[in-house]
**Q** 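Pasting a structure here, questions to come.
As the structure is a prediction and not an experimental result, all values here were calculated from the model.
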Amino acid sequence: MSKVFLNLVNISIAASYMVIAVLIIRRIFSKSPKWVNVLLWILVGVRLMMPFSFESIFSLIPSAETFEVNMLESPKFTVNTGFDIIDNALNDHMGDRYFEGVTVAADLKSDIVGIMSAIWLSVMLLLMVYAFFSYFRLKRQIIMATRYKCNIYMSEFVETPFVLGIFKPSIYVPYNISDDNMSYVIAHELAHIKRKDHITKMIAHLLVCVYWFNPVIWIGYAALCKDIELACDESVIKNYDNEDKKAYSEALLNFSVNRRAAAIYPLAFGEIGVKERIKEIMNYKKPAFWIVSVSVFVVLIISVCFLTNPRSFGIADIEDWTERIFDGAEYIYVVSEDNEYLITDEIRIDSSLEALKEIRLNNREVSKSRDETRPMNNIIQLDDNTTICFNEDFTQLWVDNNVKPTYSYRVKNPDYVKDKFFSGYFADVSDDERFVGEIVTDFGGEKPRFEFRNNMGEYIGIIIDEEKTKLIWQDDTIPQMFEQMGITDENVWDSISCGVYVEIIPEERHEADALDWVDAKVFYYVDTLTVLKVSEQYFGVDAKPVIYLYPEDVTDVCVTMDYNGVLTCTYPEYENGWNVTAYPDGTLTDADGMEYNYLYWEGMTDVQYDFSEGFCIKGEDSVQFLEESLAKLGLSRKEANEFIVYWLPIMQVNEYNIISFQTDVYTDNAKLMIDPEPDTFIRVFMAYKPSDEFVAITPQELSAPERNGFTVLEWGGALVH
């Protein structure tokens, strides 16, 4: 509950900037159509209802997270308003004194935020209960109303005309209403219904109940109610002459109500602000086309600047010199409290540098200390001159170049850092080093147990009996992976070529327990960047297929796979499918608001790719060949560039490459299901194998469909040994 409350506080603060902007805009553009003001308030409501927001360089929100949610796990109070003067004053004053000397009941989570959360929830529920109570009390008062015509009713208990209802709204008017006023009243209330004002105001009231603690939201709500009436008046009188305007104004005066009554009647004809409304009515002139055009443009500007969050930045953005980190490195050394490994392979170094770019930081420093004794429980060292330091839980980062360390910054995706760099993902591992095992006695002494660990020292564990007829798993790590391959305890020895290769080394008799033992090497590696060695053959790796989504409008898209193999790596994480919001420019966001350029996956499969047609190209000619071929296959320049950057380094070093772009073999092996179904679906998968000499091969015809409507494009490839 505390985290929910803090998130709502942050959302309301961000929305407050938008409320202030709208209040200023409606003053400056007072000649604009009043419906523009209502539209601006609707955008404020959208901002308040958005659990996340995508990032933009055009955002004018100073800070999307004024109070960091993870401060709940820390006794330190930090504020990030986006204004240095305020931040420094508050943080210097509060500092480590947050929670000092405070005792809070355990049932309120024993912290100040827990108490505030409970108060927020209680008041919100009271406001909502009061709103529903008032609604049903009003319904009871008009239960005996007489139908006048259609959805119009008359009642002696009604002081002023109003609209009531959500899905089937009705108009209620007093019995004593004159015929002169009736036509104006009905025109006004029908305009409310046509414009869906009753729904807009209801949603606005619910939002005020949720964000009751923010006075700026109340101010915005009051302005919205006034603008709804002004816009409704404007829509009614736009074709009236002066006489009709006077008569309409008189009706407005006749049914004006006090503030208390206005709170009772949902959309009363004569609500507060009557004086201003009459003034607007009498001075109304149809706005010029250029005023309407400018008003719409302002709405677009407000949307871009205030519905988006400020762009979070990465390591390259910290200081001028940090962008040089990504120029390259000869080695990368990763160290944590539990393990360490060295990356020397050029391809893995490039992949690691690309992964470093995905680390997202808050653009406000946690502290302005450059002290080199800051926490550095986990480090990523690039050569001898740059060290990226993380605290224990990967939530803070600072960079040291042995000259001038940076400030500390909050990491927005600590789980990504942990999983990507501190789980051995990029480690260089040779066949002999993949698993180091030792023979130990099992608990019962009945079977030998081959206990082996991966390169990170993590225990996996297999029991192999002396006749090697059965494998018994000690945990769920291996079986879950093998299960997808169809490997079970019963058929595993018949399926050695499908995933595990066990080499038996001459038997030795060990004195312990007087049992016969065998030593074994297990050539199996879970890392996605290392192929399996299976009976001296390589197991195929579908490397970096990426999926771009280009809808015509902002669309929620679900992508699922039916893959005849094992998914070894996905980003964002594939959890029974990817569910993202796709934008026309290809930008993707997940439910947490994280932004992606595409969906990424890699997998291992034993499919035999088709090389009956293709090309045999010199390694030095790879660039020209790929540029021409990818254009024919329908890739844009940006997509082709990302394809080439990934594959060129490992293709150009070969004397020749035998290349074939796969069709049914690949698409049948890796089926994609996309909802909604795309209008254009392009899948480009390149299988290739190095060759020391030219090989004659039937040329392959390359083509692509024309892009129309919702377009999905996927590219990937496989190095076949």
Side-chain angles (χ1 to χ4, degrees), residues 7 11 46-47 49-56 307-309 358 360 412-413 415-416 419-420 480-481 483-485 528 542-605 607 633-636 638-639 642-643 662-685 704-717:
N7 278 323
I11 291 172
V46 170
R47 175 84 211 195
M49 291 187 290
M50 290 171 62
F52 62 89
S53 179
F54 53 89
E55 298 176 352
S56 167
L307 287 181
T308 59
N309 287 337
E358 298 299 324
R360 310 315 300 164
K412 287 191 170 184
N413 51 345
D415 291 338
Y416 171 83
D419 296 340
K420 204 72 171 180
Q480 288 176 359
M481 202 163 186
E483 184 178 349
Q484 297 180 53
M485 297 181 179
T528 62
D542 292 335
K544 201 183 179 181
V546 295
I547 304 167
Y548 303 84
L549 307 175
Y550 302 104
E552 293 184 291
D553 300 302
V554 178
T555 305
D556 292 332
V557 181
C558 175
V559 179
T560 54
M561 293 186 63
D562 181 5
Y563 182 54
N564 185 24
V566 178
L567 292 176
T568 54
C569 182
T570 60
Y571 185 73
E573 186 177 356
Y574 182 89
E575 298 178 347
N576 298 319
W578 288 292
N579 291 282
V580 295
T581 299
Y583 295 81
D585 65 353
T587 301
L588 310 177
T589 57
D590 62 15
D592 297 323
M594 285 291 292
E595 189 173 300
Y596 308 90
N597 293 330
Y598 44 67
L599 306 175
Y600 160 80
W601 67 274
E602 283 192 356
M604 293 186 295
T605 179
V607 66
L633 290 167
L635 272 68
S636 68
K638 176 179 178 295
E639 296 155 355
E642 293 176 345
F643 184 106
Q662 302 298 300
T663 53
D664 293 346
V665 173
Y666 171 69
T667 56
D668 290 345
N669 190 64
K671 297 176 181 177
L672 285 180
M673 286 69 72
I674 301 173
D675 183 24
E677 186 176 348
D679 300 300
T680 306
F681 196 2
I682 301 173
R683 305 188 73 183
V684 176
F685 190 86
E706 182 180 352
R707 295 192 182 199
N708 290 306
F710 177 21
T711 299
V712 175
L713 183 137
E714 177 197 46
W715 66 254

**Q** Mind listing the closest non-hydrogen atom pair of P551 and A582 along with its distance?
**A** CG-O, 3.4 Å
**Q** Mind checking side-chain hydrogen bond (donor to acceptor under 3.5 Å, both in side chains) for Y574 and listing every partner two or more places apart, or none if nothing turns up?
**A** none
**Q** Would you indicate whether the side-chain heavy atoms of L588 and L549 approach each other to under 4.5 Å?
**A** yes
**Q** E595: what forms a side-chain hydrogen bond (donor to acceptor under 3.5 Å, both in side chains) with it, not counting sequence neighbours?
**A** none
**Q** Not counting sequence neighbours, which residues clear side-chain hydrogen bond (donor to acceptor under 3.5 Å, both in side chains) with N413? List them please.
**A** none
**Q** Could you tell me which residues satisfy side chain to side chain contact (heavy atoms under 4.5 Å, CB included) with D585, sequence neighbours excluded, listed by chain and number?
**A** Y583, T587
**Q** Quick one: does Y548's side chain get under 4.5 Å of V712's, heavy atoms only?
**A** no
**Q** Applying salt bridge (Lys or Arg N to Asp or Glu O under 4.0 Å), can you list everything that pairs with R360, at least two apart in sequence or on another chain?
**A** none
**Q** Residues two or more places apart in sequence or in another chain: which of them pass side chain to side chain contact (heavy atoms under 4.5 Å, CB included) with N708?
**A** T680, E706
**Q** Do T711 and P678 make a side-chain contact, defined as non-hydrogen atoms from C-beta onward lying under 4.5 Å apart?
**A** no
**Q** Could you check whether any side-chain heavy atom of I547 comes within less than 4.5 Å of a side-chain heavy atom of W578, counting everything from C-beta outward?
**A** yes
**Q** Please examine the side chains of V546 and E639, heavy atoms only from C-beta on, and report whether any two atoms are closer than 4.5 Å.
**A** no
**Q** If we check ring pair (Phe, Tyr, Trp, His ring centres under 6.0 Å) with W715, which of these qualifies: Y600, W601, Y598, F643?
**A** F643
**Q** If you measure from OH on Y571 to OH on Y596, what distance do you get to the nearest 0.5 Å?
**A** 4.5 Å
**Q** Starting at CZ of R47, measure out to OG1 of T308 and round the result to the nearest 0.5 Å.
**A** 7.0 Å
**Q** Could you check whether any side-chain N or O of D592 sits under 3.5 Å from a backbone N or O of M594, counting only pairs where one atom can act as donor and the other as acceptor?
**A** no
**Q** Verify side-chain contact (heavy atoms from CB on, under 4.5 Å) between V665 and F685, making sure each step is shown before the conclusion.
**A** CA-CA 10 Å; V665 173; F685 190 86; over 6 Å; no
**Q** For N597, which residues count as a side chain to side chain contact (heavy atoms under 4.5 Å, CB included) partner, sequence neighbours excluded?
**A** none
**Q** Going by the rule salt bridge (Lys or Arg N to Asp or Glu O under 4.0 Å), which residues pair with K671 if we only count those two or more places apart in sequence or in a different chain?
**A** none
**Q** For residues 551-562, pull every pair meeting side chain to side chain donor-acceptor pair (under 3.5 Å), keeping only residues two or more places apart or in separate chains.
**A** D556-T581
**Q** Does D679 have any side-chain hydrogen bond (donor to acceptor under 3.5 Å, both in side chains) partners at least two apart in sequence or in another chain, and if so, which?
**A** none
**Q** Kindly write out the residues that satisfy ring pair (Phe, Tyr, Trp, His ring centres under 6.0 Å) with F710, not counting sequence neighbours, or none if the list is empty.
**A** none
**Q** Does the side chain of Y563 reach to within under 4.5 Å of the side chain of P545, using non-hydrogen atoms?
**A** no
**Q** Working to the nearest 0.5 Å, report the span between CZ of F54 and CG of L307.
**A** 7.0 Å
**Q** Between Q662 and N669, is there a side-chain heavy-atom distance shorter than 4.5 Å?
**A** no
**Q** Do you know the tightest heavy-atom contact between I682 and G634?
**A** CD1-O, 4.2 Å
**Q** Can you find a pair of side-chain heavy atoms, one from S636 and one from E642, that are under 4.5 Å apart?
**A** no
**Q** What distance do E714 atom CD and L635 atom CG have between them, rounded to the nearest 0.5 Å?
**A** 11.0 Å
